[in-house]
Amino acid sequence: MTKEEATKKAHQMSAYLESEQADEQTHDFDDLWQSLYDICQLATYGIVELTPEEINEAIDWLKETQSLTKLYQTTEIYFS
């Protein structure tokens, strides 16, 4: 998956709509990844309401696209 494909997919997810959408300002893929990481973490702990399916979709996206990031390649997705 390319960054462009990953970005398009992320922007269509419910989790993205609940996130801070930091990439809207910067257009940086790492900002997009971090926004979804944060919202998944918050949703996993019940701070933000997303369905289990929405959380799993976003976590799957994080895992699938982690190699496309510059800063987060070794970040542990411990809440999955």
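The analysis underlying the following values was restricted to heavy atoms, covering all of them including side chains, and did not include hydrogens, waters or symmetry mates. Quick caveat, the model's predicted, so the values are computed rather than measured.
Interatomic distance, NE2 of His27 versus OG1 of Thr7, reported as 11.0 Å (0.5 Å rounding). Considering CD1 of Ile39 and OG of Ser14, their distance stands at 11.0 Å, rounded to 0.5 Å. The line from CG of Asp31 to CD of Gln21 is 12.5 Å long, rounded to the nearest 0.5 Å. The CD atom of Glu57 sits 6.5 Å away from atom NZ of Lys9, with the distance rounded to the nearest 0.5 Å. To the nearest 0.5 Å, the span separating CG on Leu36 from CD on Glu20 amounts to 10.0 Å.
In this structure, the side-chain contact (heavy atoms from CB on, under 4.5 Å) partners of Thr2, at least two apart in sequence or on a different chain, are Glu4, Glu5. Listed by chain and number, the residues in a side chain to side chain donor-acceptor pair (under 3.5 Å) with Gln34 are Asp38, Tyr72 (sequence neighbours excluded). By the side chain to side chain donor-acceptor pair (under 3.5 Å) test, Gln41 is found to be paired with Tyr78, residues two or more places apart in sequence or in another chain being considered. For the side-chain contact (heavy atoms from CB on, under 4.5 Å) test, residues two or more places apart in sequence or in another chain that qualify with Ala43 are Leu50, Ile55. For the side-chain contact (heavy atoms from CB on, under 4.5 Å) test, residues two or more places apart in sequence or in another chain that qualify with Lys63 are Ile59, Ile77, Ser80. Partners of Thr65 by side-chain contact (heavy atoms from CB on, under 4.5 Å), not counting sequence neighbours, listed by chain and number: Met1, Ala6, Phe29, Trp33, Trp61, Leu68.
In terms of heavy-atom proximity, Tyr37 sits nearest to Glu76 at OH-O, 3.0 Å.
By the 4.5 Å heavy-atom criterion applied to side chains, Leu32 and Lys3 are not counted as neighbours. Looking only at side-chain heavy atoms (C-beta outward), Glu54 and Glu18 stay at 4.5 Å or farther from each other.
A distance-only check finds a donor-acceptor pair linking the side chain of Gln66 to the backbone of Thr75 [under 3.5 Å]. The backbone N or O of Ala22 sits less than 3.5 Å from a side-chain atom of Ser35, completing a donor-acceptor pair.
Summarising the local packing, CD of Glu49 is surrounded by 12 or fewer heavy atoms from other residues, nucleotides or ligands at distances under 6.0 Å. Lys8 NZ: 12 or fewer foreign heavy atoms inside a 6.0 Å radius.
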